[in-house]
Amino acid sequence: SHTYCANAITKNQVAIITPNDKKAFFYGVASCGCIWRCKSCATKILKARGQLVLNIFKAHEKTNNKIGFVTLTIRHNNKQTAKQVHEKLNSEYRKLQNLKFFKELRKNFLGQIKATEVTISEKNGFHFHLHIAILWNTSNEKYIDENQKLILKNWAKRTNSSIKYQNQKTVQSAKNYANYLSLIHI
């Protein structure tokens, strides 16, 4: 078990600091910074990432351009390990990005922010979702809708997945999607 965090770094050197108009924090307490094995650090890191994503979304919205949101998944079964499914999902997305249609689309967006979510069930095993926020260089929602559907169509075709399990939309609330991508409420 992980026992490093929240312990005093040196004896009798722990203090609670309350700066003016800021939240209180502990001084002299260890922090590992590991998102994978430490609940305390994971919460802090995810909250910071969520705030970063929100700031990016807000800055993008100020340009009067839209943000699209695409969710992709891949066929899997309960015999596959999490590593196998995750690697397949990422590998297929890299291949999708190298297709001619995607390279052309990429000229019309400024960037993308990706997050992976995983669920597990006895019946189907590990089920990964790739959530992608696309920072489009347009405010034309019809254009965004058509092109995100093109992404879904090409994804379903190349991965032999059903298109009904893929999803896309135009972001209406930057905060809701920043929360969703960071998997924590900011």
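Side chains are part of it too, since the values below use all heavy atoms of this structure and drop only hydrogens, waters and symmetry mates.
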Minimal non-hydrogen separation, Leu72 against Leu89, with atom names: O-CD1, 4.2 Å
Trp155 vs Ile163, side-chain contact (heavy atoms from CB on, under 4.5 Å): CA-CA, chis, key distance, verdict: CA-CA 8 Å; Trp155 175 261; Ile163 199 157; over 6 Å; no
Phe69 vs Thr170, side-chain contact (heavy atoms from CB on, under 4.5 Å): CA-CA, chis, key distance, verdict: CA-CA 6 Å; Phe69 193 74; Thr170 304; over 6 Å; no
Donor-acceptor pair, side chain of Asn98 and main chain of Arg94, under 3.5 angstrom: yes
Exam field: side chain Arg75 to backbone Asn160, donor-acceptor pair closer than 3.5 Å: yes
Verify same cluster id: Ile132, Val118 (apolar side-chain graph, 4.5 Å): yes
Heavy-atom side-chain proximity of Gln112 to Leu135 below 4.5 angstrom: no
Pairwise distance CZ(Phe109) to CD1(Ile134) - rounded to 0.5 angstrom: 5.0 Å
Within-4.5 Å side-chain heavy-atom neighbours: Asn78 and Glu122: no
Residues which pass side chain to side chain contact (heavy atoms under 4.5 Å, CB included) with Ser139, listed by chain and number, not counting sequence neighbours: Lys66
Thr138 and Asn140: CA distance, side-chain angles, deciding distance, side chain to side chain donor-acceptor pair (under 3.5 Å) verdict: CA-CA 6 Å; Thr138 182; Asn140 184 331; 5.2 Å; no
Lys79: side chain to side chain contact (heavy atoms under 4.5 Å, CB included) partners, not counting sequence neighbours: Asn77
Heavy-atom donor-acceptor pair, Gln166 side chain to Ser162 backbone, under 3.5 Å: yes
Residues which pass ring-ring contact (aromatic ring centres under 6.0 Å, His included) with His76, listed by chain and number, not counting sequence neighbours: His127
Separation between CG of Asn154 and CG of Leu99, rounded to the nearest 0.5 Å: 6.5 Å
Donor-acceptor side-chain pairing of Trp136 and Gln148 below 3.5 angstrom: yes
Heavy-atom pair with the smallest gap, counting every atom of Gly68 and Ile144: CA-CG2, 4.4 Å
Donor-acceptor under 3.5 Å (Asn108 side chain, Asn137 main chain): no
Reported CD-to-CD1 distance for the pair Gln51 and Ile56, which is rounded to 0.5 angstrom: 11.0 Å
Pairs touching residues 80-101 that satisfy ring-ring contact (aromatic ring centres under 6.0 Å, His included), sequence neighbours left out: His86-Phe128
side-chain contact (heavy atoms from CB on, under 4.5 Å) assessment of Val70 paired with Asn167: CA-CA 6 Å; Val70 174; Asn167 194 11; over 6 Å; no
Exercise: identify the closest heavy-atom pair between Ile67 and Ala133: CG2-CB, 4.2 Å
Any donor-acceptor N or O pair under 3.5 Å, side chains Thr73, His129: no
ILVMFWY network linking Ile74 to Leu96, side-chain heavy atoms under 4.5 angstrom: yes
From CA spacing to verdict: side chain to side chain donor-acceptor pair (under 3.5 Å), Gln168, Asp145: CA-CA 8 Å; Gln168 68 84 28; Asp145 185 65; 2.5 Å; yes
Exam field: side chain Asn147 to backbone Tyr143, donor-acceptor pair closer than 3.5 Å: yes
Partner set under salt bridge (Lys or Arg N to Asp or Glu O under 4.0 Å) for Lys95, not counting sequence neighbours: Glu92
Audit row: His131, Glu117, side-chain contact (heavy atoms from CB on, under 4.5 Å) steps and yes/no: CA-CA 8 Å; His131 301 295; Glu117 178 184 8; 2.7 Å; yes
Over all atoms of both residues, closest heavy-atom pair of Gly33 and Cys41: N-SG, 3.2 Å
Qualifying residues under side chain to side chain contact (heavy atoms under 4.5 Å, CB included), relative to Lys83, sequence neighbours excluded: Thr81, Glu87
